[in-house]
Amino acid sequence: MDKKKIIFLLGATGIGKTTIALSLAKKINAEIISCDSMQIYRKMNILTAKATAKQRKKSRHHLLSILEPTVEYNVAQYRRDALKICAKLDSQGKIPLFVGGTGLYYSVIVDGLFPVLPQAKRIRERLEKLLRSKKSGYLYKKLVKVDPQAAGKIHPHDGRRIVRALEVYLQTGKPISFWQKKRKGLGNEYEVKLLGLNLKRELLYKRIDLRVEKMFRLGLIKEVQKLLKLNLSKTAACAIGIPELKGYFNQEYNLDEAKRLLQRNSRHYAKRQLTWLRKDKRVKWININNADTATAIAQRIYKLLN
RNA sequence: GGGUAGGUACCCAAGUGGCCAAAGGGGACAGACUGUAAAUCUGUUGCACCUGUGCUUCAGAGGUUCGAAUCCUCUCCUGCCCA
């Protein structure tokens, strides 16, 4: 029996995933599931270059604007939410089409996530306090003792990962490296297709710069101003554009500088996204150039899938 | 025209006789990533072999010295002040 299909349309920010996905979804009887840690939030429309209301009418989008930006969220919840939607689409005979650029989010769908209980808040808080107050190597040394394997993979400066590894150890009594082996992906159930959109670096960077300009024209400043009045979740608070404009509102620098930073940080982000995707050898690359229309690209992908 | 401060790698900038292919920052490039991931973290960045050595660099030309980005002379360029 044929396996069910599941498709991931991935690529750096600004490459044009949204419109291509729209065009593709129609052709293959798919519904779109956002694979983006920031687009999950409401009130961040311009900032995250979300599909417009009009676009969303053309094809159903899931996991887009489902949360207030004040609410904490994480990969595990994402996985749960996304798999639920997959199951629903399966029952309707529709293909799940994941679209986005958050590497961790797609990998957690494709390759699974190790099962650990919800975060232990108190342990986490204690560790974070220690991270801030103690000397830099302190927690790392502790980790080396309890989980040399994980410590070998984590850089001594990478505070966040050190904290998480220790948290899991303290919470479960077993090292994170033990849990990490217990991962179960979708491979048995689905025929998984990973597609990566690729555009020449210079062109991509130019597109990103232009897109940032456009965000400003669309009213980015007002949007962020409103967001800053809220008590943003830790994730939402670091969406590219928020810290940059905050600096402007606090009069640390002028608007041109804020724009420059926003563009630069978006480029850096795109680079990291590409690094992630390049590492994943399963990704099938779709090379595009500026002249290609979204429909043309969607057509190419369609052929590739059949 | 007179005075004065300067010209350092892709950019900004430290260095004022040997420990200097030259701090630091930015940018660029490369990488890691399993519950904050648009986050967090790492490496490279004069050239050539390849983790040590060789070669070419600190505006230009000459000089002093065992040894110069650093001292001297002249030239060119830039900022500022006075004319």
Side-chain angles (χ1 to χ4, degrees), chain A residues 11-14 34-41 44 47-50 67 69-82 100-121 123-125 127-128 131 136 140 147 149-150 152-168 171-172 175-185 201-202 205 208 211-212 215 224 227 232-245 257 260-280:
Chain A
T13 181
S34 164
C35 187
D36 187 301
S37 63
M38 294 298 173
Q39 294 196 359
I40 200 108
Y41 288 113
M44 296 174 50
L47 188 70
T48 64
K50 244 180 247 170
L67 285 178
T70 50
V71 178
E72 299 293 349
Y73 194 69
N74 62 46
V75 229
Q77 284 167 273
Y78 176 76
R79 181 177 143 83
R80 211 172 314 134
D81 293 344
T102 303
L104 182 63
Y105 278 21
Y106 93 74
S107 81
V108 137
I109 303 295
V110 178
D111 300 314
L113 184 71
F114 67 86
V116 165
L117 301 62
Q119 286 172 47
K121 230 182 180 169
I123 296 176
R124 165 64 67 113
E125 275 165 13
L127 287 169
E128 274 171 357
L131 181 71
S136 67
Y140 186 71
D147 189 354
Q149 205 181 335
K153 278 176 64 184
I154 300 174
H155 188 97
H157 293 169
D158 199 344
R160 214 178 262 197
R161 287 202 174 79
I162 295 168
V163 166
R164 166 99 265 248
L166 284 171
E167 176 192 34
V168 169
Q171 191 191 171
T172 65
I176 194 170
S177 56
F178 164 84
W179 292 108
Q180 284 177 342
K181 288 169 198 146
K182 312 208 164 249
R183 220 179 164 182
K184 206 173 118 232
R201 184 72 61 91
E202 297 165 58
Y205 281 3
I208 289 172
R211 185 158 88 163
V212 170
M215 286 179 183
V224 174
L227 286 168
L232 292 175
S233 75
K234 281 184 226 146
T235 308
C238 36
I240 295 172
I242 292 184
E244 291 82 355
L245 280 172
E257 177 65 4
R260 210 205 96 235
L261 290 172
L262 221 155
Q263 289 172 324
R264 185 200 61 186
N265 293 342
S266 300
R267 291 194 301 263
H268 287 175
Y269 170 49
K271 167 63 184 64
R272 271 176 275 135
Q273 290 177 301
L274 287 171
T275 299
W276 185 296
L277 290 177
R278 279 191 291 211
K279 176 186 64 169
D280 192 334

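Below, read A as the first sequence line, B as the second, and so on, with proteins coming before strands; counting in each chain starts at 1.
Among the atoms of the strands shown, none is found under 4.0 Å from any heavy atom of Ser233(A). Counting non-hydrogen atoms under 4.0 angstrom, Asp36(A) reaches a base of the nucleic acid. When heavy atoms are screened at a 4.0 angstrom cut-off, Trp179(A) is found touching no nucleic acid atom at all. If you check every strand for non-hydrogen atoms under 4.0 Å, Val108(A) touches nothing. No contact: Ile242(A) has no heavy atom under 4.0 Å from any strand. Note on Glu128(A): a base of the nucleic acid sits closer than 4.0 angstrom, heavy atoms only.
For Arg164(A) and rG35(B), the shortest distance from a side-chain N or O to OP1 or OP2 is below 4.0 Å. For rG35(B), neither phosphate oxygen OP1 nor OP2 lies less than 4.0 angstrom from any side-chain nitrogen or oxygen of Tyr78(A). Considering only side-chain N and O atoms, Lys279(A) lies under 4.0 angstrom from the phosphate OP1 or OP2 of rC33(B). Taking side-chain N and O atoms only, Arg124(A) has a distance below 4.0 Å to OP1 or OP2 of rU36(B). Of the side-chain N and O atoms in His155(A), none sit less than 4.0 angstrom from OP1 or OP2 of rA32(B). Between Arg161(A) and rU34(B), a side-chain N or O to OP1/OP2 separation shorter than 4.0 Å is present.
rU53(B) and rC72(B) are spaced 33 Å apart, taking the P atom of each and rounding to whole Å. The P atoms of rG43(B) and rC50(B) are separated by 25 Å, rounded to the nearest whole Å. Here the separation of rG6(B) from rG15(B), taken at their P atoms, is 11 Å to the nearest Å. Taking the P atoms as reference points, rU70(B) lies 14 Å from rC19(B), given to the whole Å. Atom name P, nucleotides rU42(B) and rC76(B): the rounded distance is 49 Å, in whole Å. Going from the P atom of rU73(B) to that of rU4(B) covers 13 Å, rounded to whole Å. Distance check on atom C1': rC11(B) versus rC29(B) gives 16 Å, rounded to whole Å. Using atom P as the reference point in both rA21(B) and rU40(B), the two lie 36 Å apart (nearest Å).
When distances are taken from the side chain of Arg160(A) to each of rU40(B), rA37(B), rG35(B), the shortest belongs to rU40(B). Here rG35(B) is the nucleotide among rA39(B), rA37(B), rG35(B) with the atom lying nearest to any side-chain atom of Leu113(A). Distances from the side chain of Asn74(A) to the nucleotides rG35(B), rC41(B), rA39(B) place rG35(B) closest. With rG35(B), rU42(B), rA39(B) as the candidates, the nucleotide lying closest to the side chain of Ile176(A) is rG35(B).
Between the side chains of Ser266(A) and Arg211(A), no donor N or O sits under 3.5 Å from an acceptor N or O.
Between the C1' atom of rG35(B) and the CG atom of Leu104(A) lies a distance of 8 Å, rounded to the nearest Å. In this structure, Ile109(A) places its CD1 atom 14 Å from C1' of rA37(B), rounding to the nearest Å. What separates CD1 of Ile162(A) from P of rC41(B) is a distance of 10 Å, to the nearest Å. Whole-Å rounding puts the Asp158(A) CG to rU42(B) C1' distance at 9 Å. Glu244(A) has its CD atom 12 Å from the C1' atom of rA39(B), to the nearest Å. Rounding to whole angstrom units, NZ of residue Lys153(A) and P of rG43(B) are separated by 19 Å. Rounding to whole angstrom units, OH of residue Tyr105(A) and P of rC33(B) are separated by 18 Å. Leu127(A) places its CG atom 15 Å from the C1' atom of rU36(B), with the value rounded to the nearest Å.
The partner of rC20(B) is absent, by the rule that a Watson-Crick or G-U pair needs both atom distances under 3.5 Å. Of the nucleotides present, rC82(B) is the one that pairs with rG1(B) by Watson-Crick or G-U wobble criteria, both distances under 3.5 Å. As the counterpart of rA9(B), no nucleotide is assigned, since no Watson-Crick or G-U wobble pattern has both distances under 3.5 Å. The nucleotide rA32(B) finds its pairing partner in rU40(B), both defining distances of the Watson-Crick or G-U wobble pair being shorter than 3.5 Å. In this structure, rC49(B) forms a base pair with rG52(B), meeting either the Watson-Crick or the G-U wobble geometry with both donor-acceptor distances under 3.5 Å.
For Ser107(A), there are no side chain to side chain donor-acceptor pair (under 3.5 Å) partners two or more places apart in sequence or in a different chain. Residues satisfying the ring-ring contact (aromatic ring centres under 6.0 Å, His included) criterion with Tyr78(A), sequence neighbours excluded, are Tyr105(A). Under the rule for a side chain to side chain donor-acceptor pair (under 3.5 Å), the partners of Lys271(A) that lie at least two apart in sequence or sit in another chain are Thr275(A). Partners of Arg160(A) according to the side chain to side chain donor-acceptor pair (under 3.5 Å) rule, which considers only residues two or more places apart in sequence or in another chain, do not exist here. For the ring-ring contact (aromatic ring centres under 6.0 Å, His included) test, residues two or more places apart in sequence or in another chain that qualify with His155(A) are His157(A).
Glu167(A) approaches Leu127(A) most closely through the heavy-atom pair N-CD1, 3.5 Å. Nearest heavy atoms, Arg164(A) versus Ile176(A): CG-CD1, 4.0 Å.
Ile162(A) has its side chain out of reach of Leu131(A): every pair of non-hydrogen atoms, C-beta onward, lies at least 4.5 Å apart. With a 4.5 Å cut-off on side-chain heavy atoms, Gln180(A) and Lys153(A) count as touching. Using a 4.5 Å heavy-atom threshold, the side chains of Tyr106(A) and Leu277(A) count as touching.
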Exercise for the section: At under 4.0 Å between heavy atoms, which parts of nucleotides 23-30 of chain B does protein reach? Answer with one letter per nucleotide, 5' to 3': B base, S sugar-phosphate only, - none. Expected result: ---SSSSB
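Nearest-nucleotide positions on RNA chain B place Tyr41(A) closer to the 5' end than the other of Gly159(A) and Tyr41(A).
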